[in-house]
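Heads up: the structure comes next, in structure tokens.
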Number of protein chains: 2
Amino acid sequence: MALLDLLGRRWALRVIWELRGDTALNDTALNDTASTFRELQARCGGVSSSVLADRLRELSEAGIIGHSEGGYALTAQGATLLARLAALDEWAATWQPPGRPPEEPDASGGR
Amino acid sequence: MALLDLLGRRWALRVIWELRGDTALNDTALNDTASTFRELQARCGGVSSSVLADRLRELSEAGIIGHSEGGYALTAQGATLLARLAALDEWAATWQPPGRPPEEPDASGGR
DNA sequence: CAGTATCCTGGACGATACTG
DNA sequence: CAGTATCGTCCAGGATACTG
């Protein structure tokens, strides 16, 4: 699945997660809750700007996020992806890796 | 999501995918369709044995796959994960990365 | 603020050889 | 067949400095 090439990269999922709530009404016009580069960087607690820029470009090219004056936000398509990811996240919450305590709800992008 | 640490690793998803169909009836007793190490290695077209062994151990520790006399198979828990992954795969099929032709259905584990 | 340009390093991955 | 043990390579990611 080529999708995993994208989402498996560090911070990719975290960026999407941090943009939950910032959803564009359509693919070109973003709403006013869009996050700026530095905002995202702060919310992702210390990604280096080079890496963040990489992820943002990749996700943009994939049509998952969009970029406008106001900043970055999920595209309509990105929002549908988020829904599926939420389902995975839900599974991960139920997930009981044998021998370890149940996972805390955690959206961290860290490895 | 720590889950991505696991699934993002090379071949991890491919292994799960190749085991689709080989589902244990419960977590300990595997059915007779379980795949052997060499079978899996062949189906994954050229993973080195060291890496395959790593993935199999990680996925086992995660309770996603199981190992018995007959070979490897998904656990009951692993099967529920597979379902969610299928939903993602489904999304990826609909996915239209702007500028590129629609994706072929592809379960390759390659990067 | 919003990125781009460089350089460096750890560790994942792959190949290969080996044991039981 | 079913793995384990070693070793070398390569590149994603991180740090940092810089431009507009």
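In what follows, chains carry the letters A, B, and so on, assigned in the order in which the sequence lines appear, proteins first and then strands, with residues in each chain numbered from 1.
Rounded to whole angstrom, the span from the CZ atom of A/R57 across to the P atom of D/dG13 amounts to 12 Å. Atom CZ of A/F37 and atom P of D/dG20 are 17 Å apart (whole Å). If you take CG of B/L13 and C1' of C/dC13, they are 17 Å apart, rounded to a whole angstrom. Taking atom OH on A/Y72 and atom P on C/dC1, their separation rounds to 14 Å, with Å as the unit. Rounded to an integer number of Å, the gap from B/E58 CD to D/dG3 C1' is 15 Å. Rounded to whole angstrom, the span from the CG atom of B/D5 across to the P atom of D/dA12 amounts to 18 Å. Rounded to whole Å, atom P of C/dG11 lies 11 Å from atom CZ of A/R10.
Where DNA chain D pairs in unbroken runs of 3 or more (Watson-Crick or G-U, both distances under 3.5 Å), the stems are C:1-20 with D:1-20.
In this structure, CG in A/L3 is found 5.5 Å from CH2 in B/W95, a value given to the nearest 0.5 Å. Taking CZ from A/R84 and CH2 from B/W91, the interatomic distance works out to 9.0 Å, rounded to the nearest 0.5 Å.
Every residue was checked against the side chain to side chain donor-acceptor pair (under 3.5 Å) condition with B/S49, not counting sequence neighbours, and none meets it. Partners of B/E39 by side chain to side chain contact (heavy atoms under 4.5 Å, CB included), not counting sequence neighbours, listed by chain and number: B/S35, B/T36. By the side chain to side chain contact (heavy atoms under 4.5 Å, CB included) test, B/S50 is found to be paired with B/S48, residues two or more places apart in sequence or in another chain being considered. Applying the side chain to side chain contact (heavy atoms under 4.5 Å, CB included) criterion to B/T94, with sequence neighbours excluded, gives no partner residue. Residues satisfying the side chain to side chain donor-acceptor pair (under 3.5 Å) criterion with A/S60, sequence neighbours excluded, are absent altogether.
Taking every side-chain heavy atom of B/R9 into account, C/dA12 is the closest of C/dG14, C/dA12, C/dA2.
B/R20 contributes no side-chain N or O that, together with a main-chain N or O of B/L82, makes up a donor-acceptor pair within less than 3.5 Å.
Side-chain N/O atoms of A/R55 include one lying less than 4.0 angstrom from OP1 or OP2 on D/dG13. OP1 and OP2 of D/dA12 both lie 4.0 Å or more from every side-chain N or O belonging to A/W11.
For DNA chain C, the residues of residues 38-54 of chain A within the heavy-atom distance limit of 4.0 Å (strictly under) are A/R38, A/S49, A/S50, A/A53, sorted by number.
Legend: salt bridge (Lys or Arg N to Asp or Glu O under 4.0 Å) pairs involving residues 45-54 of chain B, not counting sequence neighbours, sorted by first then second residue: B/D54-B/R57.
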